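Below: one structure, written as structure tokens.
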Amino acid sequence: MAGEKLAKLIKQQKPSAGSLTDLMYGVVTSTAPLKIRVDSRFEVGAAHLVLSQMVRRLVVRTSDGASVEVFRDLAPGDTVRLLRVSAGQKFYVLERA
């Protein structure tokens with residue numbers, strides 16, 4: 001009897017398919033405002049995008065004073081990898097593909 005209750009509780013706690021994170025691919029279609037076409041199916045705007053540091057401009061100074069660009073901003077035509085989170089309400093842009 002206790003085993004049945006435990007099994008039922010585990011089944012109830014199982015995440016639904018919509019709550020899991022998915023790896024998706026997209027193409028930047030516009031940068032002002034930022035828009036990404038995801039899997040050639042739909043377009044996502046800046047309000048639903050979270051950008052990782054690897055897709056934002058990062059310039060560092062070396063010890064001799066020179067500036068080196070480590071990462072650049074996204075540009076139209078860039079292919080990116082995204083994680084779909086919050087049941088598809090947000091997309092975390094991981095990196096360029």
Side-chain angles (χ1 to χ4, degrees):
M1 195 155 218
E4 291 174 10
K5 286 184 180 181
L6 179 60
K8 187 176 181 180
L9 184 63
I10 290 171
K11 285 182 184 179
Q12 290 173 348
Q13 298 299 322
K14 182 180 91 171
S16 66
S19 68
L20 299 175
T21 300
D22 293 326
L23 178 65
M24 305 180 97
Y25 292 87
V27 176
V28 177
T29 58
S30 169
T31 56
L34 181 60
K35 292 184 182 177
I36 297 177
R37 177 155 299 282
V38 180
D39 286 342
S40 300
R41 295 184 297 163
F42 55 91
E43 197 164 69
V44 178
H48 300 284
L49 296 170
V50 178
L51 304 178
S52 74
Q53 185 62 47
M54 291 188 293
V55 296
R56 292 185 283 168
R57 187 168 191 263
L58 174 63
V59 177
V60 295
R61 293 204 185 271
T62 61
S63 59
D64 61 354
S67 295
V68 177
E69 185 176 44
V70 178
F71 299 116
R72 64 173 173 82
D73 283 328
L74 290 172
D78 282 348
T79 302
V80 294
R81 289 184 185 100
L82 308 100
L83 289 178
R84 182 181 64 92
V85 294
S86 300
Q89 299 302 307
K90 291 281 184 184
F91 292 84
Y92 185 78
V93 184
L94 290 170
E95 62 189 358
R96 288 174 188 80

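Computation of the quantities below employed the complete heavy-atom set of this structure, encompassing side-chain atoms and omitting hydrogens, waters and symmetry-equivalent molecules. Because the structure is predicted, anything quoted here is derived from the model rather than measured.
R37 pairs by the salt bridge (charged side-chain N to carboxylate O under 4.0 Å, His left out) definition with nothing, not counting sequence neighbours. For D73, there are no salt bridge (charged side-chain N to carboxylate O under 4.0 Å, His left out) partners at least two apart in sequence or on another chain.
Once rounded to the nearest 0.5 Å, the distance linking CG of L83 with CG of D22 reads 9.0 Å.
M54 and M24 fall into different hydrophobic clusters, where Ile, Leu, Val, Met, Phe, Trp and Tyr are joined by side-chain heavy atoms under 4.5 Å apart, directly or via other members. The hydrophobic clustering, which links ILVMFWY residues whose side-chain heavy atoms are closer than 4.5 Å, places Y25 and L94 together. Note on L51: it clusters hydrophobically with V44, by side-chain heavy-atom contacts below 4.5 Å among ILVMFWY residues. L23 and F42 fall into different hydrophobic clusters, where Ile, Leu, Val, Met, Phe, Trp and Tyr are joined by side-chain heavy atoms under 4.5 Å apart, directly or via other members.
Within the structure, side chain to side chain donor-acceptor pair (under 3.5 Å) contacts touching residues 45-70 (residues at least two apart or in different chains) are Q53-R56, R57-E69, R61-S67, T62-D64. Sorted by first and then second residue, the pairs that involve residues 87-97 and meet side chain to side chain donor-acceptor pair (under 3.5 Å), not counting sequence neighbours, are D78-R96, R81-E95.
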Donor-acceptor pairs under 3.5 angstrom involving side-chain atoms of residues 26-36: please list them, not counting sequence neighbours.
residue, atom, partner, partner atom, Å
T29, OG1, K35, O, 3.2
T29, OG1, E43, OE2, 2.8
S30, OG, P33, O, 2.8

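Grouped with V59 in a hydrophobic cluster is no other residue, since no side-chain heavy-atom contact under 4.5 Å to another Ile, Leu, Val, Met, Phe, Trp or Tyr is found.
Put simply, the side chain of V93 does not reach to within 4.5 Å of the side chain of V50, judged on heavy atoms.
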